[in-house]
2 protein chains.
Amino acid sequence: MVTIRDVARFAGVSVATVSRVINNKGYVNSDTRIRVVQAINQLKYRPNDVARSLFKGKSKMIALFVPDIMNPFFPELARAVEDVCNVHHYTFVLCNTDNSIEKELTYLNALQQKSVDGIIIVSSTLKKEHIEEVTVPIIALDRTFGVELSTVKVNNREGAREATEYLKLLGCQCIAHISGPKNASNTEERKQGYLDVVKNDDWFSCNYIVSGNYNLQVAKGVITKLLERHPEIDGLFVANDVMGVGAIKAAEELGINVPNNLSIIGFDGISLGETTSPTLTTIAQPIYKMGSRAAEMLIELIINNDSQKKTEEFSVQLVERQSTRPRGREE
Amino acid sequence: MVTIRDVARFAGVSVATVSRVINNKGYVNSDTRIRVVQAINQLKYRPNDVARSLFKGKSKMIALFVPDIMNPFFPELARAVEDVCNVHHYTFVLCNTDNSIEKELTYLNALQQKSVDGIIIVSSTLKKEHIEEVTVPIIALDRTFGVELSTVKVNNREGAREATEYLKLLGCQCIAHISGPKNASNTEERKQGYLDVVKNDDWFSCNYIVSGNYNLQVAKGVITKLLERHPEIDGLFVANDVMGVGAIKAAEELGINVPNNLSIIGFDGISLGETTSPTLTTIAQPIYKMGSRAAEMLIELIINNDSQKKTEEFSVQLVERQSTRPRGREE
DNA sequence: TTGAAAGCGCTAACAA
DNA sequence: TTGTTAGCGCTTTCAA
C-alpha cells in the first residue's frame, strides 16, 4: 500500500505538505504542488480513509434502518438515500431490522463503534431510552417513534381522509378499513383519517376495521374473512399498497368484481400497484423525495450539528387507477 | 468517548492488558480479568472499530454492487447478503451501479480507500483491466463479466431449455423469446437455451427473438409490436419475470387471452409474478440461497485468501402458475 | 502474567 | 511556504 510517506519521500517534501495538497488546505508553493501531484499520480497514491476517520472521529458513512428491504416500499427509499450519499461522498450502509428491537440496538452499537456519521431510521419499536445514549445524528423517516427527532413523513391522516372521501364520492355506502400493525405511528394516523370521515355515519361499526399488519398474505386472509362476513362492504381503504394487492387477490378469489362491486384504494404509490389487474388506485407518497430529503437533512445535521428538531411533512396525491369506479356505473 | 486508556487507568492495569481481555487473547490473570471487565462495564467502554481497522488494514465491511435495488430481483439478494454479514459481524454496504462503468469504478476506488474487506458484484460492464488493480477479494454474482472470478449463478442455459421445452410440451407451435440486454452474460445463456430447443424447428425464425432489456416498460412495448406482427405466436419465453409481467400486460391490452391463446413463462421466480392476473409461470432461481452463498464464499475468501477460483452453479425450478396452459384446453 | 512502546496512515498545531 | 511532531485508539512485539 502506498502511503503519504511514500509520496512525501518521492516528491522530496514532508508529509504535511502532501497532506496540504491532497486536502487543498494551507499554503503550498505551486511548484511544490506540481511535484506532489506528479508523485501522487506516479505512485497511484490513494489516501487511506480509515486513518482519516480515526483522526476526525467521522467515517463518511450513513446508515439506513428499514424493517425489510424485500418489502417493496423500501427499495425506492434506499435508492434515494444512496443517491444523496453518493453526491456527498458518503458510503451507504443498509440495515434490515425486521422490526426487532434487539437487531436495532445491535446495529446502533455496531455503527457507533464504526464512527458512522448519521442514521436514518424507519422504526416502530425504538423508544426514547434506546436513543438517549446515541450520540450520532438521527433522522426518523416514514414514521415516528417515541422520541423527538427531526422527521420526514407524509400527512397520513389527511391522505387517509382523502382516500376515504374519494370512496364516498364514488358512492360507496359501506367502507371498511384494513389497517397496519398497532405499533407503527402511521397505522394510527391513517386509521384516524378514515375515522374522521366515517365515524358519524349510520352504517359505521368498528367491525369494519381490521388489521392486516402491512403484509400481503395476512391482509389477504383477513380481507377474505371480512368480505365473506360483510357482503355489504362496497369500498375498501387499505392502509398500504402491499395489502391493497392482497385485497385485489382476495376479491378475485371470492369472485367479487373489482371495481364494479367493490372499490379498493391503497396507500403508498409503489409500482407494484400498477402490475395487478385491475391496477390499484392509491394515495401516492413522494417516496423518492422523502428518502432524498431525509438524507439531505441528515447531512446538514452532521455538518452543523444543529440541535433543533424539525418535521417535514410531504403531501400525498390521489392516483386513480382501475380498482375504483363510481357505484352503479358498471362497464 | 471512553477509550482503552480510560479503562486501563480505571482498572489499574496497562492498555495491553485491557486489549488482551477484550480480544480474549494472551495470558491474563483471572483476578485482573475481572477487574478489567468491571471497568469496561462501569465505563460502558466500546472499542473503536476505526482504530482497529487502521491497525489491521481491514474494516469488517462487505459491499454489494447491484444495478438498481429498485429492480425487484435484487432486494432478496441484498437481504441474503446482509443476513450473512450480520452473522459474521460484517457491515453491509449497498451500491447501485446503474450498469454504469463510471459508477462501478468510483465505488471500487472509494471502497478500497475504506479498506472494505470484500465485494460481491452483479455486473455486465466491468472488464478485466478494471479489476486487475483491485486487491480485495471479489465474488461475481448472478452473471459473469470478462474476468475470472469465483462465481455464484444458476445454470441459465438449462433453465431456458426447460422453459422452452415446457412450452412445447403444452403444445405451443410457435414460441418467441424476449431476451435481456446484450452485454449481460445470462442474456446470452438464456437465449442459447431457447435456441437449443427451437432452432431446428420448421417454424423458427430469428424474428421471434427480440430484446426487452430486462425492463418492464421496454418489454411491454416490444412485445406489443411482436404480437401484433406475429399473431401466430402462441408461446412466449421471457428472459426475466419483470419482462414477463410486461408480457402479461401487453397481452391484456391487445385482448389476447393468457393462457388460453398465449402461454407465457418467465425466469427468476420473484414474488412480483404472483401478484399479476394471471400469475406468472416461471423458472425460479434460488435467489436467497445464491445471495447467502455468495456472501459465505466471500467471507471464506477474506479469511483464507484462497486464490483458487470456483464457480457454484445452482439449479432452477419450474414453477407452474396461471400464465401457461396446454393448447386447445381452454377452460 | 504484565507493561512499555512502536506503529497502523493521517491531520493539524506549532515552529522555523 | 515548509517541516517536525504529537496524537487519533488500537494491537502486538518484546522485555521484564
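We use all heavy atoms of the structure for the numbers below, so side chains are in, but hydrogens, waters and symmetry mates are not. Just so it is clear: chains get the letters A, B, ... in the order the sequence lines come, proteins before strands, and each one is counted from 1. These figures come from a predicted structure and were not determined experimentally.
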> Once you round to the nearest 0.5 Å, how far does NZ of K114(B) lie from OG of S53(B)?
Replying inline: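 It is 11.0 Å, given to the nearest 0.5 Å.
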>> To the closest 0.5 Å, what do you measure between CZ (F145(A)) and OG1 (T151(A))?
In response: 7.5 Å
> If you look at every strand shown and take non-hydrogen atoms under 4.0 Å, does T17(A) touch a base, only sugar-phosphate, or nothing?
Replying inline: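 It contacts sugar-phosphate atoms only.
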Starting at atom [atom1] of [X], determine the distance to atom [atom2] of [N], rounded to an integer number of angstrom.
X: Q113(B); N: dC8(C); atom1: CD; atom2: C1'; value: 17 Å
X: R20(B); N: dA5(C); atom1: CZ; atom2: C1'; value: 13 Å
X: I4(A); N: dA12(C); atom1: CD1; atom2: P; value: 11 Å
X: K58(A); N: dG9(D); atom1: NZ; atom2: C1'; value: 18 Å
X: N23(B); N: dT12(D); atom1: CG; atom2: C1'; value: 10 Å
X: D6(A); N: dC10(C); atom1: CG; atom2: P; value: 9 Å
X: R5(A); N: dT4(D); atom1: CZ; atom2: C1'; value: 11 Å
X: R9(A); N: dT4(D); atom1: CZ; atom2: P; value: 13 Å

> What residues in residues 24-55 of chain B put a non-hydrogen atom under 4.0 Å from any atom of DNA chain C?
Replying inline: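 Those residues are Y27(B), V28(B), N29(B), T32(B), L54(B), F55(B).
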> Distance only, no hydrogens: is a donor on one side chain within 3.5 Å (strictly under) of an acceptor on the other, for Y107(B) and N96(B)?
Replying inline: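 No, no side-chain donor-acceptor pair sits under 3.5 Å.
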> Strictly by modelled atom types, are S123(A) and R143(A) linked by a side-chain donor-acceptor pair under 3.5 Å?
Replying inline: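 No, because no side-chain N or O of S123(A) sits under 3.5 Å from a partner of the opposite role on R143(A).
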Any Lys/Arg nitrogen of [X] or [Y] sitting under 4.0 Å from an Asp/Glu carboxylate oxygen of the other?
X: E148(A); Y: K309(A); answer: no
X: K103(B); Y: D98(B); answer: yes
X: K58(A); Y: D117(A); answer: no
X: R79(B); Y: D68(A); answer: yes
X: K182(B); Y: E188(B); answer: no

>> Quick check on dG9(C): is either OP1 or OP2 less than 4.0 Å from any side-chain nitrogen or oxygen of T3(A)?
In response: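 For T3(A), the contact criterion (side-chain N or O under 4.0 Å from OP1 or OP2 of dG9(C)) is not met.
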> To the nearest 10 degrees, how far apart in direction are the end axes of the helix from dT1(C)-dA16(D) to dA16(C)-dT1(D), each fit to five base pairs?
Replying inline: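 Answer rounded to 10°: the end axes differ by 50°.
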> Considering only dT11(C), dG9(D), dT11(D), which nucleotide approaches the side chain of M1(B) most closely?
Replying inline: dG9(D)
> When you measure from the side chain of S14(A), which nucleotide among dA5(C), dT11(D), dT4(D) comes out closest?
Replying inline: dT4(D)
